[in-house]
Amino acid sequence: MTDLKKLHQAILDGNAKASAEETAHALVAGVDPMTIIEGTMIPAMDEVGRLFECQDYFVPELLLSGRAMKAAMQLLRPLLAKSGAQPVGRVVIGTVKGDLHDIGKNLVASMLEGGGFDVTDLGTDVSPDRFVAAIGEKNADIVCLSALLTVTMPAMKTTIEALERAGVRNKVRVLIGGAPVTLQYAREIGADGYGENANAAVALARELGKGTLRP
Amino acid sequence: MTDLKKLHQAILDGNAKASAEETAHALVAGVDPMTIIEGTMIPAMDEVGRLFECQDYFVPELLLSGRAMKAAMQLLRPLLAKSGAQPVGRVVIGTVKGDLHDIGKNLVASMLEGGGFDVTDLGTDVSPDRFVAAIGEKNADIVCLSALLTVTMPAMKTTIEALERAGVRNKVRVLIGGAPVTLQYAREIGADGYGENANAAVALARELGKGTLRP
Amino acid sequence: MSLAIGSLSEFLFGHAPRPVSCGRGLELGKGTVIPEINFTLPAMDIDEATWPEVRRLYAEMIEGVCKRAAELEAPGLLVEFETLPAMTIRPEWGREIVEILATCLHGYYEKHGLKNALRVTPNDTRDFLSPSHMRDGQYWEAMAQLFEMSAAAGADLLSIESTGGKEVCDEALRFGDLRQTIFGLAILGARDMEFLWKHLVGVCSKANIVPAGDSACAFGNTAMVLADQKFIPRVLAAVIRVASVPRSLVAYRMGAAGPSKDCAYEGPYLKAIAGVPISMEGRSSACAHLTHVGNIAQAVCDAWSNESVQQVRLLSAYAPIVSLEQLVYDCRLMNTAAAGSREDAIRLRDWLVESDAALDPQAWVLRPDVVLRIAERIATEPTPYLQTRVAARCAIEEIASAHREGRLRVSPQEIRWIAKIEREVAQLPGQESEFIDEMLATPVAEKFLPGEYGIESVASR
Amino acid sequence: MSLAIGSLSEFLFGHAPRPVSCGRGLELGKGTVIPEINFTLPAMDIDEATWPEVRRLYAEMIEGVCKRAAELEAPGLLVEFETLPAMTIRPEWGREIVEILATCLHGYYEKHGLKNALRVTPNDTRDFLSPSHMRDGQYWEAMAQLFEMSAAAGADLLSIESTGGKEVCDEALRFGDLRQTIFGLAILGARDMEFLWKHLVGVCSKANIVPAGDSACAFGNTAMVLADQKFIPRVLAAVIRVASVPRSLVAYRMGAAGPSKDCAYEGPYLKAIAGVPISMEGRSSACAHLTHVGNIAQAVCDAWSNESVQQVRLLSAYAPIVSLEQLVYDCRLMNTAAAGSREDAIRLRDWLVESDAALDPQAWVLRPDVVLRIAERIATEPTPYLQTRVAARCAIEEIASAHREGRLRVSPQEIRWIAKIEREVAQLPGQESEFIDEMLATPVAEKFLPGEYGIESVASR
Ligand SMILES: [Zn+2]
Ligand SMILES: [Zn+2]
Ligand SMILES: [Zn+2]
């Protein structure tokens, strides 16, 4: 069990190398993969989440812990039955047409990944057509649109209209965010949710994942 | 002619008493009423307008000159043929439902009167129905709506809708104004014009009077 | 009556002879300048259908400003809630918002130690009737009820921007008629203030909260905005500002304790005479109205305010949060300077004064030295009318002499107004009753109900 | 290289060793602080259909701010036009707006004597491709064209917020990776600055206008905003701010003259080292982003800016007019204090400094004394990389010792980051080539094209 305490610590420290090593040790010692995941890794990530919520951890620490978790999972995944490995949800994310700002979008994307979502990041300056195509390809549940400029906000509306025309609007929840965006605007253009910041966006995606929320 | 110079000065000074006296003197001396109006009073009011435009005169001076002009007109009107006495236009003005602010509205009303309009002031907190009724009664060409509160702005839209339902929207030009109002908003709700301040409102009413402007 | 502030060196921001404690640990006039924030709804209807959204917006606004105030470690936070007409007419609505705000403020005090207080300012709706009923009728009833309900729901201070006399002043301002303006302020306004503040002080003492103060907003600020648009002369607006002092003073005579209302630019006079802490606004309230007294208004403030801003989104955040942040930084600067020494505080005060004073007569009459001189003259007169008469006379004298000495610039087209105002002031009757009789004999009498101001009508005399 | 500013008593707002004259009678750094205003469109599409409306809005915005600046008798007005992406990609559109603005500014100089100048800042669109093409391709071509067209259409100063190295820094900031951030700033950023500013200075000298300066906005301000949201530690953001100085300095080495860009909070360092006048923003730009350096940012500014605000309606006026008014009053206060004596200017500067410095490491590194100490160390190093290394090291040392001495508060959860940053800084290689080789061997190398920064790829070595 000492080894698993070390794995726990490696995830808390965001140390991907140690995390993989400790996982390998545990496997060699014959620990059941599901025990490693459920007994150690998930509690460790829960702890990381708590530390982030109470503002003891910053985003870098959150993301590094996510990386450490991933490194361990790469060893475990081949050993697991396929059924247990469902992501929380499938997200397609991008900054809308005409807008190049991606730091906020990237932050949301990495935090969603850390939160167990399967994330497809389309990058910046993404046309409505590319959003439509990606939703089909990835069988997405959630689409996140980001804009930092007042003059690219209208592209959010255009994108939602394109989803409607393509007949995929009902299959996905649309979540929007970015500095000039407001809840008011989200309602106006018929989005399903608005995240005031990256934290709120991830929390909202979780809620949407559960299918409970419409603004 | 000396007397008419005094009348000119009385109007410039905004001295209603002197204005009436000098007009009476001129009439006793046998001067033709149209000569008094066209030769003296209109040039005097033009001069007042110029002084106001170049910011030498303030609003009080403009309004007092208007009063002096009116005092003279009260003596002259009975002597004139009816035909010459057409107002520039007929205006119905009021602050919309829920809003009590009237200083801006009153300012516009008095400046419109000074500018030769026939003005019916409905006061503050005016319901859409009262606007509709007044338009019929007064055979108005222009309706001015004022609002100072963000929460009463929507009543401008409601009022315009009421005009439409009552079938009078096409008979009048609708002009809106007040601190929170913008050109953008005027367009959104289908108003014919927006006055950023009292000066602009009066200038716009003149334009609308000529039937030249649609935003 | 002698002045509460005896000398220029005691006339400072952050310090008032009669400090006020209120709300949760908040102190005004005890040495620290506090930000006062006010916010309002964006363009929207208020009705049954939108009411849940109205509630949500107020909750969002108060949470936003409290959060940022705590992050910036504001030395305290005064929040003003000025109701909208619908919330006074239907006081239950006003009460609901008071409750939302108070709950949030309590939470931030407990969780983050943010000292704070809530000022509730019911919108004066009595002029919904024309002519206005000031002391009875549905509008008065609802407003009186809102005062009580607010006190019960968590208000820590009550204020109002009362409008008694406005019926007469609006027209007077358009026509630049100082005599009629003074009638509205000193005869009607002062009488209404007496009635209203007696009532308000009673409500507050029962609830053990603070009766704060009033503002001559409908008079002085209307004149200021008209002057800024070049519709009336600035010298006239400056004289009207000073002439509004005795009317606003009535609240303190009736037992109000301050802080005065932010938009009462007559505040420095109130502080000098009554010793109460004052709330002021200047460049900080450019979001609500542009100004020519952006710095000088700050010189002797105890709370520093943004007047009001709608919940609209700017690039960074909602506008109330932006205002809050600017106020906090302004307060930091004042409080840092004052932490050095009294001389340092005086230095900053004087820079704020000198940076505006020479450019506009409206700024000139807010100079602390001018304020003390005129305040002293006001304090010697026995009645609001005589106080107003002397206030107007002193104001135009100060302006005229400063202009003569080249210390104050008056624009060429305003110069003839100095003489005009001097003439009008000189012609004000020495007897209040004479003034009333005269005005009741003019068309002005049709604009108001004398009985609503405790004035016998001519008929009944 | 020795510092342009030798002592703390010469390090003042309004005064720069190398003043700049520009536009119509405008002087920066010659003793008077000037307001710099920036505005942008409200939420709307920019396309063929809306273009007439875009033109109308810019005309409305510039007229509004000029009118108010004249009314308030601003000592001068610097207007910044930052293009939106569509206006760089289609430079003819950018040119049209420049012309609209320049025409209005000329008019206000002639009719009202308002001294003014127009700074044009094309939006850097080179990262529309991924990986970015920095020196060729359609985006570079269009941007280069816009510089020339702006110069011809009435720009008096050219600036840019260049983004070279951002490909690498965005990820680095999310992961709190100082090493990778420094690679982006000091290796990629500095090389791009050299290329870009050589070009820009050429354009300006042909047109006889002023090459002003750049901003590490995409680096330092991204870090600042993330820190304000508590996503990354403030100590990290503070170190990144100082680490961005050598990159921004490159512009001046290549011939830029200032004023620096408002959002370059590294400005005080640029002024200390290069002697150029600087534009700064703080509480005045709360409309664009919230800040923890609201007052201290003002301490040694030569122009004082609002960063940017949309044309949205507030209760008083459009937001750009509100910003302009606040800037003018802030400048009035600074210029009034400075008119007294140098001691008075120092006093106001120090209050601005002291009111913020102890509360946040990002404020601490803007203290004039800290700036001079670190600037001196930067100036002794020969290359941007070595300058950046020493800048980061000195910054964390200053923070650590101020925290140890109890002069600077660092929040508990940030304390472990001080040691972490010290460790990372200590591990930075002494040789630039070693650093490059190392980074080219990591996945970071996939994010940019070495050739676009004049770096030989590993393959070609
Ligand atoms: Zn007010
Ligand atoms: Zn920037
Ligand atoms: Zn900028």
Heavy-atom pairs under 4.5 Å with chain C, option from Val225(D), Val309(D), Leu359(D), Asp356(D) with the top count: Asp356(D)
Which pair of non-hydrogen atoms, one from Asn295(C) and one from Arg332(D), has the smallest distance, and what is that distance? ND2-CB, 3.8 Å
Which one, His289(C), His292(C), Lys230(C), leads in non-hydrogen pairs under 4.5 Å with chain D? His292(C)
What pair of heavy atoms forms the shortest contact from Thr291(C) to Leu72(D), and how long is it? O-CD2, 3.8 Å
4.5 Å side-chain heavy-atom contact, Glu73(C) and Arg409(D): yes
Using a 4.5 angstrom heavy-atom cutoff, name the option from Ser285(C), Ala43(C), Gly294(C) with the most pairs to chain D. Gly294(C)
Grab the two heavy atoms, one from Gln310(C) and one from Leu315(D), that are nearest each other, plus how far apart they are. OE1-N, 3.4 Å
Looking at Val293(D), Val328(D), Val312(D), which has the largest count of heavy-atom pairs under 4.5 Å with chain C? Val293(D)
After noting the C-alpha distance and the side-chain angles of Asp228(D) and Arg68(C), does the key distance pass the side chain to side chain contact (heavy atoms under 4.5 Å, CB included) rule? CA-CA 10 Å; Asp228(D) 193 53; Arg68(C) 193 62 187 164; 3.0 Å; yes
Looking at every heavy atom in both Leu348(D) and Trp351(C), which two are closest together, and how far apart are they? CB-CZ3, 3.7 Å
Shortest non-hydrogen pair, Arg283(D) vs Asp330(C), comes out as NE-OD1, 3.3 Å
Taking all non-hydrogen atoms of both residues into account, name the closest pair between Ala286(C) and Gln326(D) and its distance. CB-CG, 4.2 Å
Between the side chain of Ser316(C) and the main-chain N/O of Cys287(D), is any donor-acceptor distance below 3.5 Å? yes
Does any heavy atom of chain C fall under 4.5 Å from the side chain of Asp344(D), the backbone, both, or neither of them? both
With heavy-atom distances below 4.5 Å as the criterion, would you say the side chains of Tyr329(C) and Gln298(D) are in contact? no
Heavy-atom distance under 4.5 Å between the side chains of Glu71(D) and Leu290(C), does that happen here? no
